[in-house]
Trainee: 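Handing you this structure, nothing more for now.
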Protein chains: 2
Amino acid sequence: MLELIVNYVASLFINSNLNKDGEIMAKEKYLEIAKIINDRINDGTYQARQPLPDQESLAKELGVSRLTVKKALDGLERKGLVYKQSGLGTYVSGTIPIQTRYDSPANMFTGLRNLLGRDNVKSQIIKFNVEFPNENIQKYLCLKHSEPVYNIVRLRIVDDSPLIIEHTYMPVKLVPNLDENILHKSIYQYIHKELKLKFGHAYRKIRACKADQYDQKYLNAKKSDPMLELEQIVWLTNGDPIEYSTSRNRYDQRDYTIVENNRF
Amino acid sequence: MLELIVNYVASLFINSNLNKDGEIMAKEKYLEIAKIINDRINDGTYQARQPLPDQESLAKELGVSRLTVKKALDGLERKGLVYKQSGLGTYVSGTIPIQTRYDSPANMFTGLRNLLGRDNVKSQIIKFNVEFPNENIQKYLCLKHSEPVYNIVRLRIVDDSPLIIEHTYMPVKLVPNLDENILHKSIYQYIHKELKLKFGHAYRKIRACKADQYDQKYLNAKKSDPMLELEQIVWLTNGDPIEYSTSRNRYDQRDYTIVENNRF
DNA sequence: TTGGATTTGTACGTATGTATA
DNA sequence: GTATACATACGTACAAATCCA
């Protein structure tokens, strides 16, 4: 089974610069603080189920105001890394006993190559067309029939073993000049780094279904094997839908994980 | 197929009081504001893809400071209801074209009865034991062998049709005096309203699997049918794990949906 | 039961920065 | 360049939750 090394929080700091030592540095102070605290949790400075220093102390130590510390902690709490108890303090969350190295977070705006490491992911292009969108795709991506979309089917291969069939539609007008070279690497990388577009939110549906011809051919699924399917629409921060896709996984190779938080 | 009527945001206001007119009223101003804006989006006062009044105007109109409005909008943005563009304004998110009335949000801390309506959900108790936890359950719920757990298997029946098999473990010390009467209704209701406990966060795994004997017997699944399984641990706001459970669904009756946001 | 100490949460004001048209 | 609107950051004051003596 596929082994993943996931740092949920690393993805928080994609809007960051490099300082003179080549280290990741967020532009905003609260992200800096969040990263420092996150690192201290990871390196064991702050232990699971133990309290962090209070906000005032952290503020003093790190040279920011208490509210900036609070904003950082709020974010880390929403990600499930810490929990806060009014009147008591802020604590490091306990380890997650059902989490394994094979878990694959569903909340990923960064793409598979970013998650698994660029050298581990290869892509076989099964289909790469430009076409006028049918009625469904028009609806999903807010397009007119005259506005073309890419129709892409890729087999994502991890450690030389076929893992996912991804079927992706994207508006040409939002992602110009897509080519096979990019498809072999990472579309998300291209969208973020080259086009400077930023994902805002996504709606995802996860379901089980039966293996179809593609699954059997490309993922070596048996006809009687269940499949795990993720269907999603992804929007940019300006509200435009940029992607409609379905990803099909073998039931014995992948599951999707979610960290939820009961806070506003 | 099961028809759900979901209001994602309603669950935001569970920490609320009733005012003299019996209306839901949050204690905190920013929750009040969020509810007002949420309602205006639902009733069409603010239209999809259209800008809201700017924060300053809303603050003035609603008699709070701009930062309180911002805090409300930040929360609504994280839930996917609005998106903000620095320098431009705050906009109502577009409708979600792949969302159907059958979707079932995975991010539910409120329980099935709350989601579907109390009159629509019945529960058949297949198993209700108290026992000493095995090694796995000890690990999942941070318990010693000497600390008993409930071992509960319920068939959840919606509109007289069997929908889910839920297998739940809960520590007796955190949920005292559980009885069959409560199991027939809602455990979550009992935990929230009677015991005054509050859920903090959850870790969920969603996978596809093959139908087992239980699925075939109670959900009328065929042997060759895929099943959709949700496995989760739920923690209280004080960091204690309170629930380990697995829920199995027929592949043709349910999918799990997620709204994700790319913000800190 | 009460009161004090500690810690987090809410709310507002203000100033400045940043993104966009 | 200018105007607009949202974001960050700090300060301050007070409220609410928790624990302990």
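Residue numbers begin at 1 in each chain, while the letters A, B, ... track the order of the sequences.
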Trainee: For B:R49, is there an ion pair with A:D240 - N to carboxylate O distance below 4.0 angstrom?
Mentor: yes

Trainee: Is the distance from OP1 or OP2 of D:dT8 to the nearest side-chain N or O of A:K71 less than 4.0 Å?
Mentor: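 Yes, because at least one side-chain N or O of A:K71 sits under 4.0 Å from OP1 or OP2 of D:dT8.
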
Trainee: With heavy atoms of chain B within less than 4.0 Å as the criterion, where does contact along DNA chain C begin and end?
Mentor: C:dT10 to C:dA21

Trainee: Tell me whether the centres of the aromatic rings in B:F199 and B:Y188 are closer together than 6.0 Å.
Mentor: yes

Trainee: Measuring centre to centre across the rings, with the benzene-like ring taken for any Trp, is B:F264 within less than 6.0 Å of A:Y30?
Mentor: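 B:F264 vs A:Y30: aromatic centres under 6.0 Å.
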
Trainee: I want to check something: taking the side chain as every heavy atom from C-beta on, are B:Y190 and B:N177 in contact at a cut-off of under 4.5 Å?
Mentor: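 Yes, their side chains come closer than 4.5 Å.
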
Trainee: What's the CG-P distance between B:D74 and D:dA7, to the nearest Å?
Mentor: 6 Å

Trainee: Given atom CG of B:L58 and atom C1' of D:dT4, what is their separation to the nearest angstrom?
Mentor: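 Distance, rounded to whole Å: 15 Å.
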
Trainee: Tell me the interatomic distance from B:L73, atom CG, to D:dA5, atom C1', rounded to whole angstroms.
Mentor: 12 Å

Trainee: Using a cut-off of 4.0 Å between protein heavy atoms and nucleotide atoms, how would you tag nucleotides 10-21 of chain D 5' to 3' with B, S and -?
Mentor: BBB----BBS--

Trainee: Sequence neighbours excluded, which residues qualify as side chain to side chain donor-acceptor pair (under 3.5 Å) partners of A:K70?
Mentor: A:D74

Trainee: Please report the closest heavy-atom contact between B:L81 and B:I41, naming both atoms and the distance.
Mentor: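 Distance-wise, the nearest heavy atoms are O-CD1, 4.3 Å.
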
Trainee: Are any non-hydrogen side-chain atoms of B:Q232 and B:Y244 less than 4.5 angstrom apart?
Mentor: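 Not in contact.
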
Trainee: Return the nucleotide paired to D:dC6: Watson-Crick means purine N1 to pyrimidine N3 with N6-O4 or O6-N4, wobble means G-U with N1-O2 and O6-N3, both under 3.5 Å.
Mentor: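 Paired with C:dG17.
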
Trainee: Is any side-chain heavy atom of A:T90 less than 4.5 Å from a side-chain heavy atom of A:L58?
Mentor: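 No - every pair of side-chain heavy atoms lies 4.5 Å or more apart.
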
